[in-house]
Structures are given as C-alpha cells and as structure tokens.
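Here is how names work: the chains are called A, B, and so on, in the same order as the sequence lines, proteins then strands, and each is numbered from 1. Atoms considered below: every heavy atom in the structure, side chains included; atoms not considered: hydrogens, waters and symmetry mates.
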Amino acid sequence: MLATGNLLKGLNDHQKTAVSLGWGPSLIVAGAGSGKTTVLTRRVAYLMTELHQSPDSILAVTFTNKAAEEMKHRLQKLVGGHARHILIGTFHSFCARALREEIENYKSPEGYTWKHNFVIYDETDKQSVVKNVVNRLNLDEKVFSPREMCHRISSLKNDGYMPARYANEARNYKETRVAEIFSAYQSDLAKNNALDFDDLILTLVELLRQNLAVRRRFRERFQHVLVDEFQDTNQSQYELIRLIVEASDEEKQANPASIWHERSLLVVGDVDQSIYSWRKADFRIILGFQSDFKESKIVKLEDNYRSTSTILEVANSIIQNNTERIEKVLRSSRGAGTKVKCFEAQDEIDEAYFVQEELKRLSARGRQLSNCVILYRTNAQSRAMEEVLVRSHQPYTVVGGTRFYERQEIKDVLGYLKLIFNGADGQAFMRVINTPRRGLGKTTLERLVSFAFDRDLTLLDAAKEIGAKQGVSEKSQKALRDFANMVKRRQAESAQTPISEILSGILKETGYLDKLKEDAAQGLDELASGRIENVMELHNVAKEFESMSDKPDLEAFLTRIALVSDIDQAKMDEDCVKLMTIHSAKGLEFPVVFILGLEEGLFPHMRSLDSPNAMEEERRLMYVAVTRAADLLYLTYARKRAAFGWATGFSNFTIPSRFLKEISPQHMTGFYPSPETPSNDQKEDYDPWDESTWAQKKKQPSPTPSAQRPADYARSSKPQVKPRAFRQQTPPQQTSSRIEPKPKEESIPFEKLSVGDKVQHVKFGIGEVTQIIGDKDKELYNVDFKTEGKRLMDPRFAKLVKLT
DNA sequence: AATGCGGTACTTTTT
DNA sequence: GTACCGCATT
C-alpha cells in the first residue's frame with residue numbers, strides 16, 4: 001500500500017485538497033480532463049490508508065461499466081488486493097446486487113413481491129410485456145404504442161413514480177389509461193419475478209424508505225459513498241444516495257452531532273458534460289447539492305492536464321454558445337499542439353476512407369492504434385466505418401452498438417438459462433418453448449397462456465398441468481410436459497452444475513445446436529454458421545466467467561449479462577482502433593480522436609433541432625466528444641449520407657454542423673465551413689492528399705492515393721457528378737470536378753420560406769415551417785405536416801409550394 | 001403448424 | 001432501404 005506522500009504526489013493543490021477531505025459531504029466540480037478519476041481513486045485509497053476506513057465500507061458509483069472497470073483497475077494498482085473489497089459499480093449493478101439480498105423484504109404499495117432469483121428484463125422483454133398488457137386491456141396499439149408506453153413508464157420510474165402514485169396524479173383520459181397500463185405492467189413483472197432497469201434503482205429506493213432495518217444496515221455498511229458523473233444523476237438515483245448517506249430521523253434525534261462522524265459523501269461532476277437528460281438525468285441536482293447538504297465543502301478542479309490548448313479552446317468556443325451553464329475556466333497545462341483537422345467527405349464511405357488513411361499514416365509515424373478512437377453520434381454510423389476497416393484489414397473494436405447479447409441465437413440460449421434460473425419468467429418461456437420447433441402452434445400456446453392466467457400459474461407449471469380439458473391435443477400435451485420436465489430437471493441440478501455445462505447440456509438436449517448445424521449445412525440460413533460461432537462464444541464467456549468470478553453461479557452470470565453490454569474488456573487493450581458513440585466515450589480519453597458525421601440533423605441530431613434545451617445538450621455532447629482528445633482531433637462530415645434518406649424520397653445532401661461553425665477558424669486546418677465565407681468557394685483548391693493543403697487555399701498537385709477503393713464498391717447507382725472523392729483511385733485528372741458547375745438540380749431556384757409559412761408537399765400534404773436550419777443557399781426547412789409529423793426538407797429537392 | 005410474402009415502421013444516445 | 005411483424009397461404 002502506498003504512503004500518503006505518494007497518494008498526493010504529482011497532484012496540484014486543488015486535487016490534493018479533494019483527495020484529503022475529511023468527513024462529511026463534498027462536491028467536486030471537475031472540468032473535462034482535470035484528473036477527476038485520479039482524484040476519485042486516490043481519495044478511495046486515502047480513505048483506507050490515511051483515514052483507516054475499511055475497504056468494504058466504501059461504495060463508489062459510476063455511470064458506465066467502462067468507468068467502473070477503469071476505476072477498479074486503477075485502484076488495484078494503488079491498494080492492491082484490498083481493491084476487491086471496495087464496491088465499485090454502476091448504479092444499476094449496485095442495486096441489482098443489493099436487491100439479490102434484500103428484495104424479499106420488500107412489498108410494493110400495490111402488494112407485489114419479488115424473490116431473490118428475479119431476472120432483469122431488457123428493452124425487448126419490456127416492450128413485449130407492455131404489448132401484452134395493452135392488448136389485454138383492449139386498448140389500441142396505435143394509440144398506446146408499446147414503444148411510447150415503455151418510454152413513459154421509464155420516465156415515470158426515473159422520476160420516482162410507482163403505479164399507485166401515478167394513478168393518483170393521472171388527470172386526463174390518456175394519462176388514466178397510461179396509469180392502468182403502468183399498473184398492469186408492473187403486476188406482470190412481479191408475476192414473472194422480473195424487474196426492468198429502472199426498477200433496480202426504484203425498488204431499492206422504496207425498500208430503503210419503507211424498511212428502517214434494511215436502511216440502517218445499508219448506512220452501517222456504506223459509510224463512504226463516492227459518485228462519479230454526478231451531473232447525470234436522476235431523481236431516483238439521487239434519492240438512493242440520500243437514503244444511504246443521510247441520517248434517518250431516529251438517528252438525528254439520537255445523536256445529532258455525530259451524523260457525519262467517520263462518514264463521507266463525495267460527488268464529482270461537470271454540468272457541461274451532462275448528456276443524459278433523456279434518461280431523466282437532471283443537472284439541477286448537482287447545482288442544488290450545496291443547498292441540500294448545507295455543510296458540504298466544494299473543490300474546483302479547473303486545470304486540464306489532458307488536452308492541448310488548441311483542443312481546449314475549440315471545446316470552450318463550442319460550449320460558450322450554451323446559455324444554460326455556469327461560467328467556468330479550464331486552464332490548459334499543455335502547449336498549443338496541432339490544429340484540429342477538418343475534412344469534408346463526399347459521403348459516409350469517403351469519410352470512412354479518410355479516417356482509415358489517416359490511421360494508416362498515424363500508425364506509420366508510430367502512433368499506437370489503440371490510442372485512437374472514432375466517435376459518432378448514432379450507432380448506425382459505425383457500419384460504413386466498419387466496412388472500410390474490414391476491407392483494409394484494419395483490426396478494430398466496436399464498443400457497444402449491436403450488442404452480442406441481443407443476437408437472436410444468444411437470446412435463445414440465454415432464454416433457457418433464464419428459465420432455469422427463474423421458472424416464473426414468462427418471456428423466457430415463450431422465447432424457448434418452440435425453439436427449436438416442438439410442433440407447438442399459436443393456438444396451443446394461446447390456450448396455455450390463458451390457462452396459466454386463469455389458474456395463476458407460471459407458464460412452466462401450466463405446461464405440466466394443461467390437459468385435454470383445455471382443448472390441447474395429446475401430442476401437444478406431451479411436448480409441453482416433456483419441455484417442462486426438462487427445465488425442472490435442469491433447475492434441480494443447476495445449483496451444483498457449472499454454467500458452461502448447463503449450457504452445453506441444453507444445446508445438446510434440445511437439439512438447438514444440431515438445428516443450427518443442419519441449417520448451416522443446407523445453406524438455408526447463411527447466418528447459421530455465424531450463429532454457431534456466437535453460441536460457442538457464449539460458451540467461452542461462461543467458461544471464462546467460471547474461472548474469473550468468485551461466485552460463478554447462474555445468478556451472478558445472468559445479472560452480469562443483463563447489466564454489462566460489452567462482451568469483454570480484453571478487447572479494449574488490444575492494439576486496434578476503437579469505435580464508439582460519444583455517449584460511450586464519456587469519461588475516457590484518447591490521444592487521437594476522430595469525430596464523424598458533423599452534419600445538421602445528425603449531430604446535432606434531428607430530434608434536438610426544435611428544442612433549445614435538447615440543442616444545448618447536443619452541444620454538451622459535442623463538448624464531451626472534443627474533450628476526449630489529448631493530442632490530435634479530427635472532425636469530419638459528409639456532403640451526402642445514405643443513411644439520411646431512409647424515411648423519405650428526398651435528397652441526402654447535408655449541411656455542415658453548426659458546431660463546426662462555432663469553432664474559431666484559427667484552430668482549424670483542412671476544409672471546413674466558415675461562418676463568413678460561403679462554403680463552396682473554399683473547396684476548389686483543397687486536396688486531402690497533400691499535407692500542405694491542410695492549410696486552406698493552397699494549390700498543389702495531388703499524388704496518387706494509397707487507398708485502393710475496390711472497384712466493385714461503387715454504391716450509388718445514380719450517376720451523380722463525381723467530385724474527386726477521397727477513396728477514389730483516380731489521380732489528378734478528375735481534380736477539376738470539384739469546380740465543375742454544380743449538378744443541375746442544385747441550381748433550380750426555389751422559393752424562400754420563413755418560419756410560420758404554410759407549404760404544400762406532393763407526398764405529405766400541407767405543413768407548416770417550424771424552423772430554418774442553415775443559411776444562405778444551404779437551407780433546410782423543418783416542416784410540421786399535420787398527418788406525417790415533422791420532417792426535414794431540402795428545398796432544392798423537395799417540391800414545397802408556399803400557400804398564401 | 002410452418003413458411004413466405006407483403007406491409008409497415010424505423011435511428012438518437014445507455015443501464 | 002431494411003428489418004421485423006402480422007397475416008395468409010399451403
């Protein structure tokens with residue numbers, strides 16, 4: 001273990017103060033890159049070594065699994081094996097863990113109870129339950145779409161509402177129905193012995209509220225609570241923290257003076273990095289912290305050790321455009337470094353080729369590719385990038401995205417495990433009862449469901465008891481009974497069988513693997529061989545879990561899988577470039593950062609365009625993205641983007657993101673849109689291949705690109721004017737295309753519109769212009785159509801007729 | 001009961 | 001444009 005000297009070594013005065021705080025509540029306002037994680041980890045070590053607190057009295061909560069891993073890792077280095085006893089995790093994993101032990105002490109106001117072997121329902125499970133409920137209540141799925149209902153229920157829960165409470169507050173027809181759906185949904189979850197993500201937090205909150213004994217136990221155990229990314233806390237999470245940390249009334253009366261004796265709360269956050277308001281995170285919580293905890297101390301960390309001053313100034317110039325923020329200075333401790341490189345691509349493939357070429361160059365210059373990250377706003381954007389990386393044999397890791405555990409075959413196999421773990425899980429039952437086929441059809445299953453519902457049985461028990469009386473054929477009865485018996489048998493032996501063995505047992509006995517092999521052999525399903533690999537991979541994951549975990553049972557395994565989306569951490573360390581959304585990158589740092597898709601409607605996202613608050617959140621997201629970079633920052637956008645045109649027939653031409661225009665030109669190099677000059681003028685002399693043209697307006701002949709874009713890659717069948725794209729093999733001859741006249745369609749004059757104008761569209765009918773995006777000749781109109789909702793229209797292509 | 005076709009809805013962001 | 005869902009067909 002380290003001595004104090006070492007714990008405070010290399011820290012600045014503010015950081016030292018933060019690490020060596022005494023008892024009581026404290027708030028650390030930590031700007032991006034200010035050494036927040038260092039402070040947090042050293043603080044934990046300080047608590048142990050200097051303040052002599054036991055490691056298991058410490059609870060550290062982070063927002064993402066990655067942040068938790070990082071913290072564990074660093075603490076391991078600081079305090080060695082003792083780190084194992086410190087509870088570090090996300091809110092959700094902490095709550096899941098706690099509920100495994102305590103949930104049987106809980107009874108909801110509605111009278112629902114859960115058992116310790118509850119399962120955690122994901123988005124799909126949730127929606128399917130909601131859908132069932134909506135149908136059962138004879139409500140129209142169109143009016144009460146499962147998607148929207150899930151969202152509403154989630155919002156309510158994050159605000160701390162349970163069905164009974166909401167029922168009292170529902171005012172109009174719709175709210176009343178939502179309350180009914182909410183209530184039935186919650187009842188179904190209880191019947192299935194299942195909780196959703198939001199319940200994990202809320203149930204523990206309610207439990208701590210209603211059960212003083214349990215609350216006392218928690219308070220005695222967790223004397224030191226640390227919360228990272230506090231600006232992203234929502235009401236129910238904050239409530240949870242308060243319940244653990246604040247004295248109960250009885251304690252206040254008993255000994256008011258010693259409430260904070262050998263007890264501490266440390267919250268760390270940065271309002272400028274609040275990017276989860278859609279999950280009901282509320283940065284006003286961090287702003288109100290000092291008034292909620294009157295005795296709290298505050299430490300500000302304003303020295304940035306991560307980024308070059310250029311990158312910092314870029315970040316600052318962007319975030320300055322937000323009105324809802326507290327002025328804060330971030331002092332740079334590094335030199336100016338390199339200017340930010342900006343690139344205009346023809347389309348998303350071109351954009352990807354540019355990135356790939358830069359990676360190659362950086363790698364040739366000795367940059368570790370593991371030090372590079374490619375960030376984007378939406379997961380869908382990874383696809384183009386991946387295609388190009390695969391083609392150039394460039395190893396990469398996608399973090400998050402289409403998750404391994406969401407694949408059909410994985411969900412199937414996990415369905416068996418879940419059913420074995422929790423026989424009440426109706427979702428799991430329905431998923432696996434006929435996979436692989438057992439000759440059971442829709443009618444049989446419908447009868448089974450209603451039989452189970454009437455007799456208040458689990459589907460599994462109903463499968464054993466259902467008979468001819470319910471109109472089920474002899475053959476179906478046998479299939480159901482056999483299935484139920486198999487599950488029961490495996491349940492009985494599950495406690496003393498390793499997960500990997502249960503898994504291979506299922507794969508064999510059910511014939512699931514044989515079915516896949518058969519499909520693969522017959523070539524019926526070209527995905528089948530991949531599926532086999534995935535199933536095998538899951539087996540490996542189970543094996544690994546058995547050797548790593550100190551409690552390798554089904555419970556721990558399934559909990560982990562429900563809460564940790566990344567398949568393994570190991571891939572993070574390999575020397576390959578990483579791809580992730582900006583949200584996932586939060587809290588991480590990389591020497592080299594690429595930010596893709598800086599286009600209006602993509603980033604900032606379309607759905608933020610008509611709300612100032614949402615727009616400010618997008619800007620904070622951009623701020624987070626930029627401040628991930630330590631040395632080099634690349635910003636790219638594409639002139640057109642295929643993914644943009646899915647919903648409509650209109651053109652995919654894009655407008656550069658407003659965030660690019662918020663950056664002072666002096667910090668940028670390459671081609672970028674500037675607020676002053678119309679963007680078209682800048683293009684002609686730009687050659688992305690020549691480094692010297694990173695500076696604007698400098699004419700150079702272009703060398704042959706090394707990126708060999710495969711000939712078969714041509715994607716657009718539409719013969720557009722082909723401007724010299726990054727990925728093209730074509731050397732200088734075609735250079736001129738950049739300055740060729742614009743495509744004809746672009747020059748068709750169109751009628752200028754303003755906000756409030758009524759317009760007519762061939763396909764969508766009458767609508768009203770609610771917003772104008774962009775300027776000069778590059779305008780987009782956000783049009784609200786009565787029937788179709790809001791759409792982003794490009795007047796150059798969409799035929800909009802102004803109505804008077 | 002299983003398959004295949006056609007229609008619809010879909011893309012924020014994560015635990 | 002595609003992926004999924006529901007329906008109708010065999």
Side-chain angles (χ1 to χ4, degrees), chain A residues 61-68 89-96 120-124 126-128 131 141-142 145-148 151 154 157-158 195-202 229 232-234 236-237 274-281 375-383 399-403 405-406 408 434-445 473 475-476 479 524 559-566 580-587 597 601-609 614 617-618 620-622 624-625 641-649 652 715-717 788-789:
Chain A
V61 194
T62 63
F63 235 74
T64 63
N65 293 303
K66 272 193 292 299
T90 60
F91 270 105
H92 297 270
S93 66
F94 165 68
C95 291
I120 301 165
Y121 273 4
D122 65 15
E123 220 55 37
T124 321
K126 250 166 92 170
Q127 272 199 40
S128 139
K131 200 173 158 177
E141 267 191 53
K142 295 264 153 39
S145 84
R147 226 184 130 66
E148 195 207 326
H151 186 244
S154 178
K157 285 182 177 175
N158 284 323
L195 296 175
D196 65 24
F197 277 118
D198 310 310
D199 287 331
L200 292 175
I201 316 244
L202 198 47
E229 309 284 10
D232 282 324
T233 311
N234 65 33
S236 68
Q237 290 161 339
S274 150
I275 55 174
Y276 280 99
S277 72
W278 49 275
R279 228 170 71 182
K280 288 277 161 166
L375 302 179
Y376 35 78
R377 176 66 238 266
T378 66
N379 282 307
Q381 284 171 261
S382 76
R383 209 175 123 184
V399 178
T402 316
R403 301 196 210 350
Y405 301 114
E406 276 168 27
Q408 191 198 107
N434 213 19
T435 33
R437 305 259 107 101
R438 290 188 178 84
L440 293 161
K442 208 178 148 207
T443 33
T444 308
L445 292 180
S473 75
K475 208 177 103 229
S476 299
L524 288 172
T559 307
R560 190 189 157 80
I561 283 177
L563 299 176
V564 181
S565 48
D566 294 330
M580 61 183 95
T581 62
I582 300 163
H583 283 89
S584 318
K586 181 172 189 196
L602 185 60
F603 191 22
H605 196 271
M606 249 177 159
R607 296 172 75 133
S608 325
L609 256 32
E617 178 147 317
E618 292 289 300
R620 290 193 295 269
L621 192 59
M622 180 65 183
V624 168
R641 185 174 292 275
F644 210 66
W646 53 270
T648 58
N652 329 324
R715 179 185 261 204
S716 64
S717 48
E788 309 281 333

- Task: Would you mind classifying the nucleic acid contact of A/Lys142 as base, sugar-phosphate or nothing, using non-hydrogen atoms under 4.0 angstrom?
- Result: sugar-phosphate
- Query: What is the distance, rounded to the nearest whole Å, between atom NE2 of A/His583 and atom C1' of B/dT11?
  - Reply: 14 Å
- What is the distance from CZ of A/Arg279 to P of B/dT13, rounded to the nearest Å? 13 Å
- Taking CD1 from A/Ile561 and C1' from B/dT15, how many angstroms apart are they, rounded to a whole number? 15 Å
- To the nearest angstrom, how far is A/Lys66 atom NZ from B/dT13 atom P? 14 Å
- Taking the side chain of A/Asn65 as heavy atoms from C-beta outward, which of B/dC10, B/dA9, B/dT15 is closest to it? B/dT15
- Checking all strands, does A/Glu617 fall into the base, sugar-phosphate, or nothing category for heavy-atom contacts under 4.0 angstrom? nothing
- Message: If I take atom OH in residue A/Tyr121 and atom C1' in nucleotide B/dT15, what distance separates them, rounded to the nearest angstrom?
- Response: 18 Å
- Between A/Ser584 and B/dT14, does any side-chain N or O lie under 4.0 Å from OP1 or OP2? yes
- Query: How far does OG1 of A/Thr64 sit from NE2 of A/His583, to the nearest 0.5 angstrom?
  - Reply: 12.0 Å
- Would you indicate, yes or no, if B/dT11 has its OP1 or OP2 atom less than 4.0 angstrom from a side-chain nitrogen or oxygen of A/Arg147? yes
- Ignoring hydrogens and angles, tell me if any N or O in the side chain of A/Gln237 forms a donor-acceptor pair with the backbone of A/Asn234 under 3.5 Å. yes
Polar-atom pairs under 3.5 Å, protein N or O versus N or O of nucleotides 5-7 of chain C: list them with distances, or write none.
residue : atom : partner  : partner atom : Å
C/dG6   : OP1  : A/Lys131 : NZ           : 2.1

- Ignoring the backbone of A/Ser476, work out which of B/dA1, B/dT13, B/dT15 is nearest its side chain. B/dA1
- Message: For a quick test of reading the model, state the closest non-hydrogen atom pair linking A/Glu617 to A/Ser277 and the distance between them.
- Response: OE1-OG, 2.6 Å
- Query: What nucleotide, of B/dA1, B/dT15, B/dT13, holds the atom closest to the side chain of A/His92?
  - Reply: B/dT15
- Task: Among the candidates B/dT11, B/dT13, B/dA2, find the nucleotide nearest to the side-chain atoms of A/Asn434.
- Result: B/dA2
- Query: Between A/Phe197 and A/His605, which has a closest nucleotide on DNA chain B that is more 5'?
  - Reply: A/His605
- Task: Round to the nearest Å and state the distance from A/Glu406 atom CD to C/dC4 atom P.
- Result: 11 Å
- Message: Just verifying a value: how many Å separate A/Phe603 CZ and A/Leu621 CG, rounded to the nearest 0.5 Å?
- Response: 4.0 Å
- Note on the structure: The nucleotide from B/dA1, B/dT13, B/dT15 with an atom nearest the side chain of A/Thr378 is B/dT13
- salt bridge (charged side-chain N to carboxylate O under 4.0 Å, His left out) involving A/Lys126 - partner list, sequence neighbours excluded: A/Glu123, A/Asp198
- Message: Would you say A/Asn379 places a side-chain N or O within less than 4.0 Å of OP1 or OP2 belonging to B/dT11?
- Response: no
- Shortest side-chain distance from A/Arg437, nucleotide among B/dT14, B/dT11, B/dT3: B/dT3
- Query: Can A/Tyr276 be called stacked on B/dT14 when the rule is centres closer than 5.5 Å and an angle between planes below 30°?
  - Reply: no
- Query: For the residue pair A/Arg620 and A/Ile275, what are the closest heavy atoms and their distance?
  - Reply: C-CG2, 4.1 Å
- Can you tell me how far C1' in C/dG6 sits from the matching atom in B/dT11, rounded to whole Å? 23 Å
- Query: When you match A/Ser145 and A/His151 each to their closest nucleotide on DNA chain B, which lands nearer the 5' end?
  - Reply: A/Ser145
- Quantified in whole Å, what is the C1' atom distance between nucleotide B/dT13 and nucleotide C/dC4? 22 Å
- Query: Just checking A/Ser93: base, sugar-phosphate only, or nothing, at a heavy-atom cut-off of under 4.0 Å?
  - Reply: nothing
- side chain to side chain contact (heavy atoms under 4.5 Å, CB included) between A/Phe197 and A/Leu563, worked out: CA-CA 9 Å; A/Phe197 277 118; A/Leu563 299 176; 3.5 Å; yes
- Give A/Ile201 one of three labels, base, sugar-phosphate or nothing, depending on what nucleic acid heavy atoms sit under 4.0 Å from its own. nothing
- Taken to the nearest whole Å, CD/A/Glu229 to C1'/B/dT15 is 14 Å
- Query: Just by distance, with hydrogens left out, do A/Gln381 and A/Thr378 show a side-chain donor and acceptor under 3.5 Å apart?
  - Reply: yes
- Message: Once rounded to the nearest 0.5 Å, what's the spacing between atom CG of A/Asn379 and atom CE of A/Met580?
- Response: 11.5 Å
- Item | A/Glu123 CD to B/dT14 C1', straight-line distance once rounded to whole Å | 9 Å
